[in-house]
Each structure stands twice: as structure tokens, then as C-alpha cells.
Amino acid sequence: MNRNATQRPTIKTIAQETGLSIATVSKALNHSPQVRPQTRDLVLEAAERIGYQLNLHGVQLRTGKTYQVAAIMTAPGPQENEWEGVEYAQLLSGISWALEDSPYRVSLYPVRNFEESRAAIEQIVSLKKADGIIITGTRPDDPRIRTMQAAEFPFVTYGTSVANAPHAYVDADNEQMIRVSMERLIDRGHRRIALVNPPAGLTYGITRLQSYRRALEAAGLPFDPALVANGRLTPAYGRETVLTMADLGSPPTAYICANEASALGALSGFHERGLVHGRDAVVNATDDLNVSQYFAPPITTFYLPISEPSALLGAYILRRIEGEGPDTLQTLLMPNLVERCDDRLTSAT
């Protein structure tokens with residue numbers, strides 16, 4: 001039976017099509033956890049078939065929800081032209097895909113620094129400009145987390161904290177990653193290993209340094225602060241780190257870079273100093289893009305596709321918005337070790 005072209009489908013229409021109650025249809029359209037997945041799929045299929053469109057404005061007025069997830073991420077300024085590995089755009093895209101089947105959409109809040117992110121969070125929370133927040137660049141004792149917890153505002157962090165109360169988070173397992181990397185390099189004969197770390201103060205950088213020091217201690221090797229660098233993870237930073245450390249009386253024979261951008265710069269530093277990768281020193285890296293497979297030479301990396309943490313961030317913020325506690329929404333992802341080199345030093349022939 002053909003419907004009048006001017007007749008707009010309603011929730012009641014979907015209820016008639018599916019034989020479900022109006023209340024059930026309404027809950028399914030709003031992705032309520034009280035509705036079974038099979039029922040929700042039935043409702044969504046019927047809604048698409050008859051051309052139903054959710055009146056989001058009306059839902060917002062009735063529920064007080066914005067159906068926005070605020071993603072607060074540091075974005076490069078217009079004058080910054082250095083690559084820093086995974087950009088906010090890749091992470092944002094993954095989160096958006098994770099929210100695609102929900103009524104929620106991502107609203108990006110690009111900030112230049114930590115203080116701007118803190119101000120943005122305070123505004124969003126006080127004015128209720130979103131229903132949930134995702135942040136990156138966590139600190140060990142993060143005041144942004146305290147602000148959201150005090151307001152009982154749903155949030156998920158891409159990164160862990162130390163002193164804050166338990167909260168939902170997703171992160172790479174930096175402790176295990178550095179431990180495995182160090183054990184592997186030490187097993188291959190390296191005794192002077194450099195740690196090319198992010199800016200001091202970030203939780204994951206502190207975790208990496210602690211794991212690095214424990215690995216040295218376990219192997220009976222001394223800790224040398226001259227072999228640890230902290231800075232923005234750009235190629236220029238990686239290059240300058242190698243140029244500096246290559247001039248040490250006992251230079252490193254291995255560099256563990258926190259991302260592929262700094263590793264690319266480290267290889268540039270090798271070229272500048274006349275070092276040969278695999279003969280004089282080696283570079284390892286961790287990242288989410290796998291660009292290092294195209295480096296010359298390709299280098300060993302710990303690879304975590306950005307789609308994995310971003311999908312979890314999207315799923316977790318939806319569950320926090322629905323009221324699920326943070327204790328079940330905490331995940332450390334262990335990247336895959338991609339060995340492209342043996343990483344033992346070989347003599348020149």
C-alpha cells in the first residue's frame with residue numbers, strides 16, 4: 001500500500017510496521033541499553049524502509065541531551081609545519097566511525113595547549129554543551145579529570161593518570177612495550193640504549209621512563225640520564241636528539257623512539273653524522289600508522305592501528321553516558337611487535 005507522499009512517518013508508524021509498542025520503538029531509536037540488539041535492528045530497518053527521520057531537536061528539548069561528544073585535542077597551529085605522527089584527524093575519524101550507529105556525533109574542540117583544554121572542559125561542563133568528553137595528553141595528576149569527576153560528567157581519556165580517582169581510559173601498554181623492547185635490544189647485545197620520549201609531564205612518557213629504568217636494573221646496566229630525551233615528537237626533535245647523543249663519549253647503539261615521526265628524524269641524524277643503521281646503531285619506534293615500513297631501511301616498530309583505540313574510545317563514552325561505571329571501561333592495548341630488522345650490530349665489510 002502506497003503512503004501519501006506528504007505524510008511524514010512517525011514513531012507510531014514504525015510501531016505499526018513492527019508490531020512493537022511506541023515506548024519500545026522510542027527506546028530503540030534512542031539506542032537505550034534496555035532494548036535487545038535484535039529489536040533495535042528491527043526498528044532501525046523499519047525506520048530506514050519507511051523513510052523515518054529522528055527529530056533530534058525535539059528529542060533534545062524533551063531529554064535535555066545535546067547528543068554531542070566533545071573531543072578535546074591538541075591541534076597544530078597554522079605556523080607549525082612539523083609532522084608529529086598520528087594527528088587528531090585520524091583519531092577523530094575513528095571515534096566518529098565508532099559513534100556512527102548511535103544518535104551521538106563528535107564535536108571537535110581543537111586546542112593549542114593544556115591550559116586551553118582545561119578551559120574548554122570547564123566551559124563544556126558548566127554550560128552542558130555536550131553529553132560526554134574525550135580528552136588526550138593526560139597528566140599523572142590531571143586537573144581536567146578532577147573537574148569532570150567533581151561534576152559527575154561522563155568522560156573517557158586517551159591515556160592514563162596516576163593520582164586521580166578511577167576513570168574510563170584507553171591507552172597503549174607503554175610499560176610492557178618498553179620492557180619488551182629493552183629486553184629484546186639487550187639480548188641483541190646493546191648496552192647503551194637511548195629513550196626518545198615525549199614532553200616531560202605526560203603520563204605515558206613517565207611510564208615509559210620507569211619501565212626503561214627497571215629494564216636496565218634487571219639487566220645490571222647503569223642508568224645514564226644523558227641517554228633520555230624529552231620533547232615534541234617531531235622529525236626535527238628526533239634528528240637533534242641523535243646529533244646530540246652521537247657526540248657523547250660513549251654514544252647509544254640503539255634508539256627507542258616514541259613515534260615514527262621522531263624515528264624518521266633520527267634516521268636523518270644518522271645520515272648527518274655518517275652513521276649506518278645496523279652497523280653503528282639502530283632505531284626502533286612505536287606508533288599507530290605503520291609508516292616505518294616505508295623508511296629506508298625499514299625499522300622495527302610496535303604497531304597499534306589507530307582504529308583500535310579510537311573504536312574503544314567511542315564505545316566507552318557511549319557506555320559512560322548511559323551510566324556504566326568507569327571500573328569496567330579501562331583498557332591497555334599491547335601493540336604488535338613488527339620486526340623488520342634483527343637489530344644486532346654488524347661489522348663493516
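Counting begins at 1 with the first residue of the sequence. Predicted, not measured: the structure shown is a model, and the values here were computed from it.
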Do Thr286 side-chain atoms and Ala258 backbone N/O form a donor-acceptor pair below 3.5 Å? yes
Ignoring hydrogens and angles, state whether a donor on the side chain of Asp343 or Thr300 is under 3.5 Å from an acceptor on the partner side chain. yes
Under a 3.5 Å distance rule, please check whether Tyr158 uses its side chain to pair with a backbone N or O of Thr138 as donor and acceptor. no
Given Asp142, which partner from the list Arg139, Arg146, Arg144 fulfils the salt bridge (Lys or Arg N to Asp or Glu O under 4.0 Å) test? Arg144
Honestly curious: do Leu185 and Leu248 fall in one hydrophobic cluster under the side-chain, below-4.5 Å linking rule? yes
Check whether Glu308 reaches the backbone of Pro305 with its side chain - one donor and one acceptor, N or O, closer than 3.5 Å. no
Tell me if the CD atom of Glu152 is crowded by more than 12 foreign heavy atoms within 6.0 Å. no
Scan Ile193, Leu195, Val196 and name whichever one has a side chain to side chain contact (heavy atoms under 4.5 Å, CB included) with Tyr255. Val196
Starting from Phe302, can I reach Leu312 by hopping between I/L/V/M/F/W/Y residues whose side chains sit under 4.5 Å apart? no
Nearest 0.5 Å please: distance from the CZ atom of Arg36 over to the OG1 atom of Thr24. 10.0 Å
Point-to-point distance, once rounded to the nearest 0.5 Å, from CG of Asp280 to OG1 of Thr253: 10.0 Å
Just wondering, more than 12 heavy atoms not from Arg213 lying within 6.0 Å of its CZ? no
Apply side-chain contact (heavy atoms from CB on, under 4.5 Å) to the pair Ile178 and Thr207, showing each step before the final yes or no. CA-CA 9 Å; Ile178 295 301; Thr207 299; over 6 Å; no
Say whether Arg340 and Thr301, considering side chains only, have a donor N or O and an acceptor N or O under 3.5 Å apart. yes
Check for me, please, whether Met245 and Leu216 land in the same ILVMFWY cluster - side-chain distances under 4.5 Å, paths through other members count. yes
Using a 6.0 Å cut-off, check whether atom CD of Glu217 has over 12 heavy atoms from anything other than its own residue. no
Presence of salt bridge, Glu183 and Arg179, under 4.0 angstrom: yes
Evaluation steps, side-chain hydrogen bond (donor to acceptor under 3.5 Å, both in side chains), between Thr13 and Thr10: CA-CA 5 Å; Thr13 313; Thr10 65; 3.2 Å; yes
Side chains of Thr244 and Thr241 only: does a donor on one sit below 3.5 Å from an acceptor on the other? no
